[in-house]
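If you read the sequence from its start, that first residue is 1, and numbering goes on from there.
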Amino acid sequence: MFAMRRRCAELGIRDLALQCKLFDTLVLPILSYAVEVWGVKPSFGEAAEVLHRSFLKSLLRIRKSTANEVVLAEVGRLPLQIHFWRQVVKYHHRPLGLDGTRLVTLAMLEGFAFSNQAVTAEGGSWPEWHEHVMLFLMKQQRFVCGKFDITAVIDKVKQDYFEQYNTSDSSSLTRYRSLQPDYKYADYLTSVRCFSNRRLLGRFRCGCHSLYVETGRWVGTDRKDRLCQICHSNQDVEDEQHFLFHCPVYSDIRRQYATMFQQAFTAPDLITKADPNVLGGFLRECFSCRKALLSI
């Protein structure tokens, strides 16, 4: 992975979608080597998932502590475990398509039959691989020893993940869903060519900025006490809404970008409706002003 990133830097490749495609082409096959055997245990693939998320966070230039679900959603990617299960299910399904007299098919069917008997017997043991595949397919409501649609199985896994993503009550995820309702590759990653503006937008969208509503959380400050340190407000929390619309310190900058605020009245509206190139310039000026004031 690091060799790939270094080569991209040498060639001047900054397109995130292309780098993700290179990751899937060059790195993922190595991470998923022999996954048909060990991929049935999600814990075994956690190291690969950590590397995957680290790669995405380095692309977006955001902190390592950023919520993992937010990072995956920002680039429209799914956990690697779903890819691993696809390989496992294909490996399981292949012998079932062979002649019923083939040794590999008979061995697999016998392994599952033994697993069924072992499940009902106390203290029984059975091949662990068969056990995990059985449980997975039964969860997806598929026949273990019959043919099935592999695509439908993986689609069900994706659907379960999306349902978990959309119903999570995590504060960071709830906030992100208001900014990006659809689970897809964020448009600004393609349209914003200025690297610094793209980085600012990514950090702001992912809740990885320096506003006190975020940094105050690190030290355990109650949200109501994370007041704006720029305008010294006694009642306004320095959150995205206050920063973009209400803090009087940035009034002159807002006037320069007046057209951007004509049809947006909340932070999610502004982030989703405004031209990302213009919004990136606005954020850069505001954060530069903020940094200068805090350094005095």
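When all heavy atoms are compared, the tightest approach of His242 to Arg254 is O-NH2, 3.8 Å. For the residue pair Thr272 and Leu179, the shortest heavy atom distance occurs at CG2-O, 2.8 Å. For Ile253 against Cys289, the heavy-atom pair with the smallest separation is CD1-CB, 4.2 Å. Minimum heavy-atom separation, Phe84 to Gly45: CE1-CA, 4.1 Å. Nearest heavy atoms, Ser32 versus His83: OG-NE2, 3.9 Å. Considering every non-hydrogen atom in both Gln19 and Met4, the closest pair reads O-CE, 4.0 Å.
Side-chain contact between Val237 and Cys228 is absent, with no heavy atoms from C-beta onward closer than 4.5 Å. Here the side chains of Leu244 and Thr266 are not in contact, with every heavy-atom distance at 4.5 Å or above. At a threshold of 4.5 Å between non-hydrogen side-chain atoms, the residues Leu72 and Leu78 do not count as touching. Here the side chains of Ile82 and Trp85 are not in contact, with every heavy-atom distance at 4.5 Å or above. Using a 4.5 Å heavy-atom cutoff, the side chains of Leu80 and Leu31 are in contact. Within the 4.5 Å cutoff, no side-chain heavy atoms of Leu200 are placed close to those of Ser196. The side-chain heavy atoms of Lys57 and Asn68, taken from C-beta on, include a pair separated by under 4.5 Å. Residues Tyr33 and Ile30 are not in side-chain contact: their nearest non-hydrogen atoms beyond the backbone lie 4.5 Å or more apart.
The cluster map of Ile, Leu, Val, Met, Phe, Trp and Tyr, joined by side-chain heavy atoms under 4.5 Å apart, puts Leu51 and Leu26 in the same cluster. Following chains of ILVMFWY side-chain contacts shorter than 4.5 Å, one cannot reach Phe265 starting from Leu283, and the two form parts of different hydrophobic clusters. Leu59 and Val70 fall within a single hydrophobic cluster, where Ile, Leu, Val, Met, Phe, Trp and Tyr side chains are chained together by heavy-atom contacts under 4.5 Å. Residues Leu201 and Val278 are members of one and the same hydrophobic cluster, defined by side-chain heavy-atom contacts under 4.5 angstrom among Ile, Leu, Val, Met, Phe, Trp and Tyr. Taking hydrophobic clusters as Ile, Leu, Val, Met, Phe, Trp and Tyr residues chained together by side-chain heavy-atom distances below 4.5 Å, Phe2 shares a cluster with Val27.
Remark: the backbone N or O of Asn277 is paired with a side-chain donor or acceptor of Asp275 at under 3.5 angstrom. A donor-acceptor pair is defined here as one N or O able to donate and one able to accept, closer than 3.5 Å; no such pair exists between the side chain of Asp225 and the backbone of Thr221. Listed for the Gln241 side chain is a donor-acceptor partner under 3.5 Å among the backbone atoms of Ala267. Arg61 contributes no side-chain N or O that, together with a main-chain N or O of Arg203, makes up a donor-acceptor pair within less than 3.5 Å.
Taking the six-membered ring for Trp and the full ring otherwise, the centers of Tyr250 and Phe243 sit less than 6.0 Å from each other. The ring of Phe245 has its center closer than 6.0 angstrom to the ring center of Phe261.
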Stepwise side chain to side chain contact (heavy atoms under 4.5 Å, CB included) test for Ile230 and Leu294: CA-CA 7 Å; Ile230 304 300; Leu294 288 176; 3.6 Å; yes

Criterion salt bridge (Lys or Arg N to Asp or Glu O under 4.0 Å) on Glu46 and Arg53, from CA distance to verdict: CA-CA 10 Å; Glu46 183 57 29; Arg53 295 193 298 256; 3.1 Å; yes

Tyr183 and Tyr161: CA distance, side-chain angles, deciding distance, side chain to side chain contact (heavy atoms under 4.5 Å, CB included) verdict: CA-CA 11 Å; Tyr183 197 104; Tyr161 177 78; 3.6 Å; yes

Test log, rule side chain to side chain contact (heavy atoms under 4.5 Å, CB included), inputs Leu189 and Tyr185: CA-CA 8 Å; Leu189 295 174; Tyr185 185 82; 3.4 Å; yes

Thr66/Leu60 under side chain to side chain contact (heavy atoms under 4.5 Å, CB included): CA gap, chis, key distance, verdict: CA-CA 11 Å; Thr66 306; Leu60 295 170; over 6 Å; no

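Taken to the nearest 0.5 Å, the CG atom of Leu293 stands 11.0 Å off from the OG atom of Ser288. Here OG of Ser58 is found 9.5 Å from NZ of Lys64. Values are rounded to the nearest 0.5 Å. For the atom pair CG of Asp239 and NE2 of His246, the computed distance is 8.0 Å after rounding to the nearest 0.5 Å. Separation of atoms CD (Gln81) and NE2 (His52) is listed at 12.5 Å; rounding is to 0.5 Å. With values rounded to the nearest 0.5 angstrom, Glu285 atom CD is found 10.5 Å from Asp252 atom CG. For the atom pair Arg199 CZ and Cys208 SG, the distance stands at 11.0 Å (nearest 0.5 Å).
Applying the 6.0 Å contact sphere to CZ of Arg7 captures no more than 12 heavy atoms from other residues, nucleotides or ligands. Around CG of Asn234, the count of heavy atoms belonging to other residues, nucleotides or ligands within 6.0 Å does not exceed 12. Taking a 6.0 Å sphere around CD of Glu163, one finds it holds 12 or fewer heavy atoms contributed by other residues, nucleotides or ligands.
Tyr188 is linked by a ring-ring contact (aromatic ring centres under 6.0 Å, His included) to nothing, counting only residues two or more places apart in sequence or in another chain. Listed by chain and residue number, Val192, Cys194, Arg284 satisfy the side-chain contact (heavy atoms from CB on, under 4.5 Å) test with Asn197 (two or more places apart in sequence, or in another chain).
A salt bridge links Arg290 with Glu238: the distance from a Lys NZ or Arg NE/NH1/NH2 to an Asp or Glu carboxylate oxygen falls below 4.0 Å. The existence of a salt bridge linking Arg226 and Glu214 is excluded, since no basic side-chain nitrogen approaches an acidic carboxylate oxygen closer than 4.0 Å.
Within the structure, salt bridge (charged side-chain N to carboxylate O under 4.0 Å, His left out) contacts touching residues 14-34 (residues at least two apart or in different chains) are Asp24-Arg77.
Glu74 pairs with exactly one of Arg205, Lys184, Gln180 by the side-chain hydrogen bond (donor to acceptor under 3.5 Å, both in side chains) rule, that one being Arg205.
The aromatic rings of Phe55 and Phe23 lie parallel to each other, their planes meeting at an angle below 30°, with 60° marking the opposite boundary.
Using modelled atom types, one finds no donor on one side chain facing an acceptor on the other under 3.5 Å when comparing Tyr176 with Glu69. For the residue pair Ser168 and Ser170, no side-chain donor N or O sits within less than 3.5 Å of a side-chain acceptor on the partner.
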